Student: 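Handing you this structure, nothing more for now.
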Amino acid sequence: MAHRDYRDLAAVFVGGALGTLARVVVQAVTVRDSEHWPWSTFAVNIAGAFLVGYFTTRLLERLPVSSYRRPLLGTGFCGGLTTFSTVQVETLGMIEHGHWALAAGYTVASIALGLLAVHLASGWVRRARVRS
């Protein structure tokens, strides 16, 4: 029987707990209403997309290999911080209340700005001067 290393699981757990806590704090200080733009979800998802681009590029291209940074920061923290399933629920709520344009704008903006955030973060890491 192979020996299991539970440190990866622990890294995902700790990162996920911290990311989820950050998201809950952001969402606790904002009002949610299906007739208005859901700024808290939008903000955490765009920030999370930026961090995924940053962490992924930095960890793979700039730092020495580490077994636990990617599960902690990428899978755990960013996975806990972002909530694209909530985007779907909020979009359906907008549609159910007849706010079709808001739903379409929110969905398109979330996807487009999320991809742009990943692109910008990756480019930022790649442009940074490498210290020797």
Side-chain angles (χ1 to χ4, degrees):
M1 180 182 238
H3 172 39
R4 292 187 181 199
D5 184 359
Y6 290 100
R7 291 177 287 189
D8 278 341
L9 183 60
V12 172
F13 177 80
V14 170
L18 294 172
T20 301
L21 180 61
R23 176 173 36 90
V24 167
V25 168
V26 170
Q27 291 186 330
V29 299
T30 59
V31 177
R32 294 165 61 119
D33 178 1
S34 62
E35 295 186 19
H36 297 93
W37 193 274
W39 286 107
S40 61
T41 304
F42 186 74
V44 297
N45 284 340
I46 301 307
F50 183 87
L51 290 173
V52 164
Y54 176 84
F55 291 144
T56 301
T57 306
R58 184 150 171 83
L59 294 174
L60 290 175
E61 297 179 11
R62 299 289 192 205
L63 295 177
V65 176
S66 166
S67 299
Y68 308 108
R69 287 183 190 137
R70 285 176 55 197
L72 174 73
L73 299 171
T75 307
F77 184 79
C78 291
L81 177 64
T82 59
T83 177
F84 286 97
S85 60
T86 302
V87 170
Q88 295 172 357
V89 171
E90 289 168 342
T91 301
L92 286 174
M94 292 173 198
I95 291 169
E96 288 173 356
H97 288 91
H99 303 291
W100 292 87
L102 183 64
Y106 179 54
T107 301
V108 169
S110 294
I111 293 168
L113 290 179
L115 290 171
L116 179 62
V118 170
H119 175 73
L120 291 173
S122 294
W124 183 41
V125 170
R126 288 181 179 132
R127 280 191 303 276
R129 197 170 134 206
V130 178
R131 295 181 184 168
S132 346

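Just so it is clear, the model here is predicted, and its values are computed rather than measured.
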Student: Are side-chain heavy atoms of Val125 and Glu61 found at a separation under 4.5 Å?
Tutor: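 In short, these two side chains do not touch, never coming nearer than 4.5 Å.
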Student: Are Val87 and Leu116 linked, directly or through intermediate hydrophobic residues, by side-chain heavy-atom contacts shorter than 4.5 Å (ILVMFWY only)?
Tutor: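 As far as the 4.5 Å side-chain criterion goes, Val87 and Leu116 are connected within one cluster.
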Student: Determine, using the 4.5 Å side-chain heavy-atom cutoff (strictly less than), whether Phe55 and Val44 are members of one ILVMFWY cluster.
Tutor: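 As far as the 4.5 Å side-chain criterion goes, Val44 and Phe55 are connected within one cluster.
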Student: Check the hydrophobic clustering (I, L, V, M, F, W, Y; side-chain heavy atoms under 4.5 Å; chains of links allowed) and say if Leu72 and Leu81 are grouped together.
Tutor: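 In one cluster with Leu72: Leu81, yes.
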Student: If you take all heavy atoms of Phe50 and Ala121, which pair is closest and at what distance?
Tutor: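 Residues Phe50 and Ala121, closest heavy atoms: O-CB, 3.1 Å.
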Student: Which class fits the ring pair Trp124 and Tyr54: parallel under 30°, tilted 30 to 60°, perpendicular over 60°?
Tutor: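 Taking Tyr54 first and then Trp124, their aromatic rings sit tilted (interplane angle of 30° to 60°).
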Student: Roughly how far, to the nearest 0.5 Å, is the SG atom of Cys78 from the CG atom of Asn45?
Tutor: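 It is 11.0 Å, given to the nearest 0.5 Å.
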Student: Same hydrophobic cluster for Leu9 and Leu18, using side-chain heavy-atom links shorter than 4.5 Å among ILVMFWY?
Tutor: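 Different clusters.
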Student: Identify the heavy atoms of Ala103 and Ile95 that sit nearest to each other, and give their distance.
Tutor: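 Looks like CB-CG1, 3.7 Å.
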Student: Are the side chains of Thr20 and Arg23 in touch, meaning some heavy atoms are under 4.5 Å apart?
Tutor: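 Side-chain contact under 4.5 Å: yes.
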Student: If you compare all heavy atoms of Pro71 against all heavy atoms of Asp8, which two are closest, and at what distance to 0.1 Å?
Tutor: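 What the structure gives for the nearest pair is CG-OD1, 3.7 Å.
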Student: Going by heavy atoms in the side chains, are Trp39 and Thr30 under 4.5 Å from each other?
Tutor: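 Side chain of Trp39 against side chain of Thr30, heavy atoms only: no contact under 4.5 Å found.
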Student: So for atom CZ, which belongs to Arg70, do other residues, nucleotides or ligands contribute more than 12 heavy atoms lying within a distance under 6.0 Å?
Tutor: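 Result for CZ/Arg70: open.
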Student: For residues Thr57 and Ser122, report the shortest heavy-atom separation together with the two atoms involved.
Tutor: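 Taking Thr57 first and Ser122 second, the nearest heavy atoms are OG1-OG, 2.8 Å.
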Student: Distance check, rounded to the nearest 0.5 Å: Thr41 atom OG1 versus Ile46 atom CD1?
Tutor: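 That separation rounds to 11.0 Å.
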Student: Within this structure, what is the CD-OG1 distance for the pair Gln27 and Thr83, rounded to the nearest 0.5 Å?
Tutor: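 Gln27 CD to Thr83 OG1: 6.5 Å, rounded to 0.5 Å.
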Student: Check this for me: Tyr68, atom OH, are more than 12 non-hydrogen atoms of other residues, nucleotides or ligands nearer than 6.0 Å?
Tutor: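 Yes - once you tally the heavy atoms of other residues, nucleotides and ligands closer than 6.0 Å, there are more than 12.
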Student: Check for me, please, whether Leu113 and Leu120 land in the same ILVMFWY cluster - side-chain distances under 4.5 Å, paths through other members count.
Tutor: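 Yes, because Leu113 and Leu120 connect within a single hydrophobic cluster, where side-chain heavy atoms sit under 4.5 Å apart.
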Student: Between Trp37 and Phe42, how do the two ring planes meet: parallel, tilted or perpendicular, split at 30° and 60°?
Tutor: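 Trp37 and Phe42: perpendicular rings.
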Student: Give the minimum heavy-atom separation between Gly114 and Ala49, together with the two atoms involved.
Tutor: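 Residues Gly114 and Ala49, closest heavy atoms: O-CB, 3.4 Å.
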Student: Using a 3.5 Å distance criterion without hydrogens, assess whether the side chain of His119 forms a donor-acceptor pair with backbone atoms of Leu115.
Tutor: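 No, the answer is negative, given that no donor and acceptor are paired below the 3.5 Å cut-off.
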Student: Hey, what do you get for OH (Tyr106) to CD (Glu90), rounding to the nearest 0.5 Å?
Tutor: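 The OH atom of Tyr106 sits 4.0 Å away from the CD atom of Glu90.
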Student: At what distance, to the nearest 0.5 angstrom, does CE of Met94 lie from NE2 of His36?
Tutor: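 If we round to the nearest 0.5 Å, Met94:CE and His36:NE2 are 10.5 Å apart.
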Student: Measure the OG1-CZ distance between Thr82 and Phe77 for me, rounded to the nearest 0.5 Å.
Tutor: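 With rounding to 0.5 Å, OG1 (Thr82) is 10.0 Å from CZ (Phe77).
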